[in-house]
Amino acid sequence: MEFLNDMALFVEVVKVRSFRKAAEALGMPNSTLSRRISGLEKEIGLRLLHRTTRRIELTEAGQLYFDRCKRIVDEARLAHEQLGEMLARPSGLLRVSLPVDFANIYLAPLIAEFSRLYPGITFELDLTPRQVDLVSEPVDVVIRMGEPANSNLIARKLTSLRRCLYASPRYLELSGEPAHPSDLVHHECLRMRGSQSNRWTLSSEQGREEVEVGGRFELNSVGMIRRMATLDLGIALLPEGIAAQALVNGELRQVLPQWQAASVSVYALTETRLLPAKTQRFIEFLREKLENI
């Protein structure tokens, strides 16, 4: 398709009637431009331009070719500009699958801000912890916490969430406060359901500790874990943002503050890299806003 590019170069040369001026406007060497036009003439099999030391003139074939090419180039430029405008002001229905608690705490205000920036976009938000099939289900992008389970999807990292230990003042009053990660084996621990739910790995300047934990409650919602912790039912391992308001309200207190678990990553998952403008803008917006939380 290189001849289409050469066609656009030819139109620029004819417009200014000068290889030198056209080369300057296009930001390319004069010799390269001249070689490309010569190659175009050779491919067509007709001379398009009469070259003199002072200026250039169109041949009869060149005039006909210019008239046709100019319309094609103008249409292509208009299409490019319209697509650029579409990218700048995207519209349409954006379907997003979101984890319940992360969406409520972190994403709700960001989605509100994004909706004000792009009034042409409408939203269909599905709050669910389940794995969504991007191939068979009508979803544009999935936001999930933790490493992606499906390696066939395109994963774009949005942020990492620092995780710490929290418990209610009443629980700590009744059960005592752990002084070291190894003390957690004697406590009720509110655990996120999964293959490693009974094993917490904590790090500090003192090193790394892996602890077998137990307790009566294993859940699949960090919001519910936080709520159970405020009800004096145990020690919870939570992202800082999830625990922040309860910390301010005095419902929770940080436990073993010098220790923390590995951060949990948050990803935007899509089926393909070729995304419509509405989806591109949404992912870029979240990445920018969540980058330093």
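Sequential numbering from 1 along the given sequence is applied to the chain's residues. What you see is a predicted model; the values in this text were computed from it and never measured.
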To the nearest 0.5 Å, what is the distance between NZ on K15 and NZ on K21? 15.0 Å

Selection residues 218-234 - residue pairs positive for salt bridge (charged side-chain N to carboxylate O under 4.0 Å, His left out), sequence neighbours left out: R191-E218

Could you check whether E212 pairs with R199 (Lys NZ or Arg NE/NH1/NH2 to Asp/Glu carboxylate O, under 4.0 Å)? yes

For R20, is there an ion pair with E24 - N to carboxylate O distance below 4.0 angstrom? yes

Tell me the side chain to side chain donor-acceptor pair (under 3.5 Å) pairs involving residues 234-243, sequence neighbours left out? R162-E240

Are L286 and V264 grouped together when hydrophobic residues (ILVMFWY) are joined by side-chain heavy atoms under 4.5 angstrom apart? yes

Does the distance from a Lys or Arg side-chain N to an Asp or Glu carboxylate O, for K70 and D74, drop under 4.0 Å? yes

S221 and D101: side chain donor to acceptor below 3.5 Å: yes

Verify the distance criterion only: is there a donor paired with an acceptor across the side chains of S34 and R51 at less than 3.5 Å? no

Can you see whether R156 engages T270 through a side-chain donor-acceptor pair at a distance of less than 3.5 angstrom? yes

Side-chain donor/acceptor pairs under 3.5 Å, residues 102-114, sequence neighbours excluded:
| from | atom 1 | to | atom 2 | distance (Å) |
| --- | --- | --- | --- | --- |
| N104 | ND2 | V100 | O | 3.2 |
| Y106 | OH | G241 | N | 3.0 |
| E113 | OE2 | K289 | NZ | 3.0 |

Closest heavy-atom pair, N220 versus R193, reported as atoms and distance to 0.1 Å, is ND2-NH2, 3.7 Å

Flag the pair R163 / Q260 as yes when at least one side-chain heavy-atom distance between them is below 4.5 Å, and no otherwise. no

Which other residues end up in the same hydrophobic cluster as L202, if Ile, Leu, Val, Met, Phe, Trp and Tyr are linked when side-chain heavy atoms come under 4.5 Å apart? L165, Y171, L172, L184, V185, W200, V211, V213, I235, L237, V255, L256, W259

Can you list every pair that meets ring pair (Phe, Tyr, Trp, His ring centres under 6.0 Å) and has a residue in residues 211-243, with sequence neighbours left out? none

Co-members of L93 in a cluster of I, L, V, M, F, W and Y side chains, linked at under 4.5 Å: none

How close do A155 and P148 get, counting heavy atoms only, and between which atoms? CB-CG, 3.8 Å

